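Quick note: numbers below take in every heavy atom, side chains included, and nothing from hydrogens, waters or symmetry partners. Whatever order the structure lists ligands and atoms in, that order sets their numbers, starting from 1. Quick caveat: nothing in here was measured; it's all calculated off a predicted structure. All residue numbers refer to positions in the sequence shown, counting from 1.
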Amino acid sequence: MRGNAPLLEIRDLRTWFPVRRGLLNRVVGHVKAVDGVSLHVMEGETLGLVGESGCGKTTLGRSIVGLERPRAGQILFQGTDMDRLSRTERKRAGRHLQMIFQDPAASLNPRLTVLDALTEGLQEHGLLAGSREAEGARLLAEVGLPPEALYRYPFEFSGGQRQRISLARAISLRPALVVCDEPVSSLDVSVQAQVINLLMDLREKYRLSYLFISHDLSVVRHLSARIAVMYLGRIVEEGPAAAVMDRPLHPYTQALLAAVLVPGRPRGRALVLPGEPPSPLNPPSGCPFHPRCPKVMEKCRVDFPPTAWQGASRVGCHLYG
Ligand code: SF4
């Protein structure tokens, strides 16, 4: 136990992608997919991360598990700065930090049987106590699949079953945190509920923490203790799930919520969010949301809004400065 220290702490993280042009392949700009994000996740907690597609949620998740290399900022996991670890140390620490993806078909190697997929990590980390078959069958039972599935290939399963296999593989290494990137959005609605229930059962059983990335606010509300709202590479609002869902502060959060019906939340007057999100290659001046904001003020076009605390939530908007 590390007292009340966060399991994961992200400080001012920036993950930019260079844009190259011309014969000399010169860097002419950067896509600022993640641009100054600070967040934390406590042990056993689920933090929901929401925002429109292209807002940087997936890049943030991939940066946390080491699939993208941030340009600046810090990722502290279990109190350790991941950037200071050697390759071997990073690999060792990485087993506590797993990710499941929207498309399990793309994340499971089609040439490996389920048995191989479930046990290769265990063997690599020297964690295989008994036989591969026994451990594989135990993991499958955890996600509600029969032992016969061990000898089949990913293409032989439905989308929901493949996501169960991905989950079994993720928990095989006994992680502390799982980044779940839109894990149910490609599944049928009936299957979505089963996978969400499974995620909640596994969280309980293994005391997992989740960073749950989704564009579906009702799913996020169901699973999360806190919610962070991302727009154009930045967190614009973060707070307890009930506060963010029932009393959203940032005009972007208000617009997102107005666009969906959430069980138990009274639907207010629908806000219409005009236009598409601007390009992270060339974000607007001042508040990046100002070209679409129904509450825009003159200073929003010029000054970047500071982050302010409002009760237990923090919000980046001049209305609360
Ligand atoms: Fe709207 Fe201004 Fe707040 Fe940005 S800072 S969300 S433009 S009111």
Check whether the side chains of S63 and T15 place a donor and an acceptor atom closer than 3.5 Å, and report yes or no. yes

Shortest protein heavy-atom distance from atom 8 (S) of ligand 1, along with the residue and atom involved: K295 O, 3.5 Å

Can you tell me if an N/O/S atom from C293 lies under 2.8 Å from atom 4 (Fe) of ligand 1? no

Is it the case that the side chains of Q310 and S313 hold a donor-acceptor pair, with the cut-off being a distance below 3.5 Å and no angle test? no

If the cut-off is 4.0 Å to any non-hydrogen atom of F289, which atoms of ligand 1 fall inside it? 6 (S)

I want to know whether F289 and H250 have ring centres closer than 6.0 Å. yes

Test item: side-chain donor near acceptor, T58 and D181, under 3.5 Å: yes

Got L7 and Q78 here, is their nearest side-chain heavy-atom distance under 4.5 Å? yes

Please check this pair: side chain of R226 against backbone of H40, looking for a donor-acceptor N/O pair closer than 3.5 Å. yes

Per-atom contacts, ligand 1 versus H250 - under 4.0 Å to a heavy atom: 6 (S)

Could you list the atoms of ligand 1 found under 4.0 angstrom from a heavy atom of H290? 7 (S)

Among all protein non-hydrogen atoms, which one is nearest to atom 4 (Fe) of ligand 1, and what is the separation to 0.1 Å? C287 SG, 2.4 Å

Out of P291, G286, P294, C300, who is nearest to atom 2 (Fe) of ligand 1 when you count heavy atoms only? C300

Which residue owns the protein heavy atom closest to atom 5 (S) of ligand 1, what's the atom, and how far is it? H318 N, 3.2 Å

At under 4.0 Å between heavy atoms, which part of C317 makes contact with ligand 1: side chain, backbone, both or neither? both

Taking the basic N atoms (NZ, or NE/NH1/NH2) and the acidic carboxylate oxygens, is any pair closer than 4.0 Å for D35 and R71? no

